[in-house]
Amino acid sequence: MSTLYITHAACLDHQTPFGHPERPDRIRAIERALEKERFTSLIREQAPMAEMESLALAHPEDYILRLRDISPREGLVRIDEDTVMSPGTYEAALRGAGGAVLAVDEVMTGKVRNAFVAMRPPGHHAERVRAMGFCFFNNAAIAARHAQKKHGAERVAIFDWDVHHGNGTQDIFWSDKTVLYCSTHEAPLYPGTGALSETGDYGTIVNAPLSAGDGSEAFREAVDTVIAPRIHDFAPDLIIISAGFDAHWRDPLASLNLTESDFAWATQKLMDLADRHCGQRIVSVLEGGYDLEGLAKSTAFHLDALMGRETGT
Ligand SMILES: [Zn+2]
């Protein structure tokens, strides 16, 4: 069984202002890391543009059309202080969501064991009707709902280990007991949500906030004692990872001190759970990660684990 890697060059055409951390070089750094010999056995596919029907699984149609309509023909349009649209943004965002949908199709039909989608802009801050925090469409949420609607998955578990809380994903699934949303994140930090007390209408939101300066030990304890037991009890039909790598110690936007080995370890934990509950099915989508070296190494370790082998360096 194999691991699928999905990306598309259109995601390099999502431009952000000079000095913005969420930049095309992020994907270039990942691509360079995956040129190594040991990644030649990855199955590679191009991310297609998501259909309106898929986007509408997580966002109302008027929100989607509004984003399309305010797309600039030239220059940049500012959505909020740090979220901007360039002429290439809308297509990049469509392909980010489309890549997540394709990953679900290939994993749920057993063509591949698991999949990683390396696209930008990221998605986990995008709420039902609000683009924010560099995000426009919530790719992880669309993937979860697509697995339910098209492939009959009853329960989907999402683990979001991006250093920022996925307020968007939490917002979308707040009243949905068929999706378990679990997050480790630094608090206090942008966007300010993700307290332990935020548990959703059915107790299917699981927040495990960490403190600035926390590293491997605190992260692994949160996964072992809080997140993994909840995913186990939930017995999902698919596990989705919101894979942000900005909790890496090198990252300039936050102050957790994880290493690439921690991401490999967490991936392995989820693979054990997926092996037990859902035929090994995992779909992982890129979220943040703003230090190019930390991002590239972490992604390589994450993929090594998904490919079922001990991580190299
Ligand atoms: Zn982040």
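One-based numbering, in listed order, for ligands and for the atoms of each. For this chain, numbers begin at 1 and follow the sequence in order.
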> In Asp246, what N, O or S atom is nearest to the Zn ion (ligand 1), if we give its atom name?
Replying inline: OD2
> His164: which N/O/S atom is nearest the Zn ion (ligand 1)?
Replying inline: ND1
>> Looking only at N, O or S atoms in Asp162, which is nearest to the Zn ion (ligand 1)?
In response: OD1
> On the ring face of Phe39, is Arg309 found with NZ or CZ under 6.0 Å from the centre and within 45° of the axis?
Replying inline: yes
>> If you count heavy atoms of other groups shown closer than 6.0 angstrom to CD of Gln46, is the number above 12?
In response: yes
> Are His146 and His151 near enough that their ring centres are under 6.0 Å apart?
Replying inline: yes
> How about Phe134 and Tyr290: are their ring centres within less than 6.0 Å of each other?
Replying inline: yes
